[in-house]
Structures are given as structure tokens and as C-alpha cells.
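Only this structure's heavy atoms are used, side chains among them; waters, hydrogens and symmetry mates stay out. A, B, ... follow the sequence lines: proteins, then strands. Residue 1 opens every chain.
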Number of protein chains: 2
Amino acid sequence: MKVLIIEDDPLHRSYLNEAIRAALPECDGVLEAENGNAGERLARDLKSAHVVMDLQMSQRNGIEAARTIWKERPETRILFWSNYSDEAYVRGVSRIVPVGAVYGYVLKSASDDRLKLALRSIFIESQCVIDREVRGMQQKSLGNVNGFTEAEYEILVDIALGLTDRAIAQRRNLSVRSVQNRLQQLYVKLGVHQPLGSQDDDGRFNLRARAVAVAFLRKLLNHNALERAEADLAAWLARHPHD
Amino acid sequence: MKVLIIEDDPLHRSYLNEAIRAALPECDGVLEAENGNAGERLARDLKSAHVVMDLQMSQRNGIEAARTIWKERPETRILFWSNYSDEAYVRGVSRIVPVGAVYGYVLKSASDDRLKLALRSIFIESQCVIDREVRGMQQKSLGNVNGFTEAEYEILVDIALGLTDRAIAQRRNLSVRSVQNRLQQLYVKLGVHQPLGSQDDDGRFNLRARAVAVAFLRKLLNHNALERAEADLAAWLARHPHD
DNA sequence: ATTTTTTCTGCGGGATCCCGCAGGGATCCG
DNA sequence: CGGATCCCTGCGGGATCCCGCAGAAAAAAT
């Protein structure tokens, strides 16, 4: 059994390496890659079925790497080892995990033991392990108690990218009015109130821009998610030259 | 001589600790704090004049901690040791460094030797050390070759927060039209083109929202900067109930 | 001091956004 | 089948945004 590490921080990389050797004595080889691209390549060449990776790396972020790895070999087991439990990350991961796949998500702030336990659970016992904190996010985002529908999240991303109502309508195959309906739902859920024709309330906020701001502040969005969305958008724009 | 470490990642903390002891044999004590709040308190209690800190910590971010530390004792020497060279961070730091203060900014990706050299330069030789990469950002941001004026950056932050033209005008003591002028400058510099009344060009982008998006993608803004700006905004809103 | 450059300001109009009102279609009950 | 609930859609209007035109004020250059 070989384990592939994909992590750009050398310190964390060597720490992981040690932890893996300690937790998995049956492991007979640990490989390291320092960014998503190299990681994908190694995973492909070596057909490694056990991966531990960081999200947010400079070259190619973890989610994209995981997606291509899983696309090529869905039975690969991946442990995500990340600094943050941003909803954007959690949602990004759970969006790409294949049905029935074994994976894990533990925070870097977790203890030594938790990490090692997770390693054994995933790679030996074939059991998913998701950090308590992360699971909290997951539930909040899937169940919609104070969470967001897929549709709402989608439109949030679209306005964060700077798209027009009309452009969103085209892209999502909706009428302009429907897009606006969804936007209003979003505004309500984000607690962004109307700056309408009245001086009793604020009138200080541009709802659209404000929504994006609070989404960022609440970590519904982050740089990584934006980058992915931007790439998707670019691809879509290429397919749809312009009306 | 005592050195204070403010860093939330235990791995990096202990690495720093070792590096400091190795690089500064004349140092007779290394203290550690795992977030900005604790760091400020320790700095105050111990009157420590030598600090190494991370930016982006969960409890209280590095820039705010540095600001209060420098406010209380401007001669304190601070080495910022950060993962990123985002323009938002660089600008944030250079905005708060007192005149004549000795400080440094090195990336975590730098080599062992570079870190140790920086430690000696700052704490012993009283010489500022800024990583090459970071200095690049600094010049790009201060000199305005493809860089942004203070005014432009300011208005960028304001729209990122979701403020209305009118609100920005009030806050910055300008007419609405002037705000719009600055916005147009900003759009040009960000390479955001007009979706004007024509179908020859895009018409797909809401300039205001798009500007924020590309600012994030280019790391002119980041979560940290937004949080600081939001706090400032809240304070201002409190002072100006509503017209 | 005069010219040049930059920035601020008002006016106006077209495009976009925000959203209440209302009808149509889909699904899920009883 | 009638009713309830949901989402999609068009219409319309007030508010906001984007920006060209152009004069006034301020700053910089000569």
C-alpha cells in the first residue's frame, strides 16, 4: 500500500509523512507532491488509491485535483486535510465526491491522534471520517435550516462573478424575472434589507453588492470557490460567443 | 532579549521557535501566543520589543494585532511571516507601519536561511527585510504603474462592502458624481469594460459587481481586508445614524 | 503669474436593478 | 377532481447605476 501526499507547505508535508508512517505500518511507501498538478500526475502514473491532500494550494487547488483524480479512479480514497472549515470548501468537496466513495475531512487544528485515527479509518476500515466542525457546516448547508438551496448558492456565485441578471438568465435557462426572484430569496436569507424608496431604513446598501460582501464575510464564498466559478464561467462564455 | 511568537499553527510555531533559537543565540527567551488577542496581551505585559507573527489568524488577525502593538510601543520590531503575498496584505501592513519602524515581511515558502537571515537583520542590525516577491507587490501598489491610488483602493473597498454611490459620497465627503468618476477610473484600471447600450460588446457584466470579483481574483482584496473594512464601516455607521 | 493638468461637480439620459402585482403551469395532498 | 403550495413568467414603475458633456475649482508644472 502506498500513500500519496499532496500539500504545498513543506513543514506540513513532512509532518504528514511521519504521521502516516506511524499510523499505517502496513504502508510501504509515501509519495509527496507539492501542488495539485503534480499530484494528479503522480496519482495517474502510480494508480495510487490512497491520497491525503490539502485544499487551497497555489498551483492548482485541491478540489480540482480531487475531481480529476476521482474522475479517473472513483474508488480512490482521499483524506482532505485543511486549515479551514469554510462553507465554501465543504460545499465544494461534497459536490464532487462520487457516490459510495470513501473520504475524510479533518482540520489541521485537529490533534495528532485524530489525524492518525482518521488515516486508519479511511484507508484500512473504509470508513468516512468528517470532523465535527466540518459536519456542522455540511448539515447547515444541505438541510436548509439557515442554509442555502443549490439554486440560491448558484445565483450567489453568479452575482459574485459580476454577471448581469440577463446573463444569469441565459446561463441558467431562466427568465430575467425568475433570476430576480431568486435574488430576492437570497437577499432575505442573507439578511440584506431593502434600501428602497424610503429614509426609514438604510438606503445605504446596494443589495447585490452587499449580498456578495456578507457571503464572503460568512465564508459562504472564498477565493478558491471564486476561482473555480470563474473558470466555469470562462468555459461557458467560450461556448456562447454572444447573442 | 526576548522574542514573542504570535502564530496559530502549532507546527509553524515550534518551527519558528527552533529557528529563532538557532539564529539568535543572544536571545534568552521565546514566548508563544496562538492568536492576536493573546499576542497583544503578552506584548503589553512583557513589553517585548521583538515579535514574529503570522497574518490571518482566526481569533484576531495579524494586522490588527500589529496595529495595537505598534500604537502602544512604536519601536517594537515585528517580522511578519505569512503564507501569502496578496496585495491586500502588503497594503494592509504598509498602511500601519509607524514612521522609522523596523519590520520585515517574509513568506513561509522562503528557505530556512532566508528566515534566519531576516531574523538577524531585523532584531540585531535594525534593518528592514522585505521578501522580493512582497516588494514587487509593494512597488506595484505604491508607484502606480498598473497600481492603485489610495483613492481608488478606498472606493474599491466601499463597493466591495456593498455601499451605494450616495452612501460612499456621504462617507468620503464627495458628490455622487465624483464617486462615479472614481468608479469609472477603477473600472478602467481593473480592465472591466462597459456593458453599455449595445450588443456588440458584452452586456453580460454588472460593472460594480464585476470589479469586486476581479479584485478578489487578483488578490487586491481578501477576506481579511474585508473584515477590517467591515469593522470600520460599522463604526462609521454608528457615528452617522441616518440622515 | 500663467498655463497645463487633474479633480470635483451638476445635468441628463439610457440601461439596469429591485420588487409588488398577477396569471400560468407543476406537484402533492385529501 | 378541487385545492394548496411552489416556482416560473410578464408587466410596470421607482430607484440606482453607468457615463458623456462641460464648466468650476484645485493642484502641479512651466
Side-chain angles (χ1 to χ4, degrees), chain A residues 144 148-156 158-214 242-243, chain B residues 143-144 147-156 158-214 242-243:
Chain A
N144 57 8
F148 294 76
T149 311
E150 204 52 30
E152 287 159 356
Y153 186 73
E154 200 177 61
I155 207 171
L156 169 60
D158 283 339
I159 63 172
L161 284 172
L163 290 176
T164 298
D165 288 5
R166 189 154 43 89
I168 300 175
Q170 278 181 234
R171 189 177 184 199
R172 306 303 184 185
N173 288 317
L174 290 174
S175 77
V176 175
R177 190 59 182 90
S178 297
V179 171
Q180 294 174 334
N181 274 337
R182 290 186 168 178
L183 279 175
Q184 277 173 109
Q185 273 180 258
L186 184 69
Y187 297 152
V188 172
K189 282 211 184 172
L190 286 173
V192 176
H193 295 306
Q194 61 277 19
L196 252 195
S198 59
Q199 59 278 42
D200 63 319
D201 209 351
D202 291 354
R204 306 199 205 258
F205 287 124
N206 172 325
L207 294 194
R208 172 176 292 241
R210 184 60 181 166
V212 176
V214 320
H242 37 48
D243 48 335
Chain B
N144 57 8
F148 295 77
T149 311
E150 204 53 30
E152 287 158 356
Y153 186 74
E154 200 176 61
I155 206 170
L156 169 59
D158 283 339
I159 62 171
L161 285 172
L163 290 176
T164 298
D165 288 5
R166 188 154 43 89
I168 300 176
Q170 278 181 234
R171 189 178 185 196
R172 306 302 183 186
N173 288 319
L174 291 173
S175 78
V176 174
R177 189 60 181 91
S178 297
V179 170
Q180 294 174 334
N181 273 337
R182 282 162 126 118
L183 278 175
Q184 278 173 111
Q185 273 180 259
L186 184 69
Y187 298 152
V188 172
K189 283 212 183 170
L190 285 174
V192 176
H193 296 306
Q194 60 277 17
L196 251 194
S198 58
Q199 59 278 42
D200 63 318
D201 208 350
D202 291 354
R204 305 196 204 260
F205 287 125
N206 172 326
L207 294 195
R208 171 176 293 240
R210 184 61 181 165
V212 176
V214 320
H242 39 50
D243 49 333

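The separation between I155(B) atom CD1 and dT7(C) atom C1' is 13 Å, rounded to whole Å. Regarding R208(B), its CZ atom lies at a distance of 5 Å from the P atom of dC18(D), rounded to whole Å. Rounded to whole angstrom, the span from the CD1 atom of I168(B) across to the C1' atom of dT9(C) amounts to 17 Å. Rounded to whole Å, the distance from CG on N206(B) to P on dC17(C) is 6 Å. Rounded to a whole Å, the CG atom of L183(A) is 16 Å from the C1' atom of dG20(C). Going from atom CG of D165(B) over to atom P of dC19(D) covers 11 Å, rounded to whole Å. Atom CD of Q184(A) is separated from atom P of dC21(C) by 12 Å (rounded to the nearest Å). Between the C1' atom of dC17(C) and the CG atom of L207(B) lies a distance of 13 Å, rounded to the nearest Å.
Taking E154(A) as the reference, R172(A), R182(A) meet the side-chain contact (heavy atoms from CB on, under 4.5 Å) condition, with sequence neighbours excluded. With sequence neighbours excluded, the residues that form a side-chain hydrogen bond (donor to acceptor under 3.5 Å, both in side chains) with R171(A) are D158(A). V176(B) is linked by a side-chain contact (heavy atoms from CB on, under 4.5 Å) to D165(B), A169(B), Q180(B), counting only residues two or more places apart in sequence or in another chain. Applying the side-chain hydrogen bond (donor to acceptor under 3.5 Å, both in side chains) test to Q185(B) and every residue at least two apart in sequence or in another chain returns E152(B).
Here the side chains of N181(B) and Q184(B) are in contact, with some heavy-atom distance below 4.5 Å.
Pairing each heavy atom of A213(B) with each of L161(A), the nearest pair is CB-O, 3.7 Å. A pairwise comparison of heavy atoms in I168(B) and L163(B) identifies CG1-CB, 3.7 Å as the closest pair. Residues A211(A) and L156(A) come closest through the heavy atom pair O-CD1, 4.4 Å.
Axis angle across the helix from dA1(C)-dT30(D) to dC28(C)-dG3(D), with five pairs used at each end and values rounded to 10°: 40°.
With no hydrogens or angles considered, no side-chain donor-acceptor pair links N206(B) and R210(B) at under 3.5 Å.
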Dump every N/O contact between nucleotides 8-13 of chain D and the protein below 3.5 Å, one line per pair.
| residue | atom | partner | partner atom | Å |
| --- | --- | --- | --- | --- |
| dC8(D) | OP1 | R182(A) | NH2 | 2.6 |
| dT9(D) | OP2 | S175(A) | N | 2.7 |
| dT9(D) | OP2 | S175(A) | OG | 3.4 |
| dT9(D) | OP2 | S178(A) | OG | 2.9 |
| dT9(D) | O5' | S175(A) | OG | 3.4 |
| dT9(D) | O4 | N181(A) | ND2 | 3.3 |
| dG10(D) | O6 | R177(A) | NE | 3.3 |
| dC11(D) | N4 | R177(A) | NE | 3.1 |

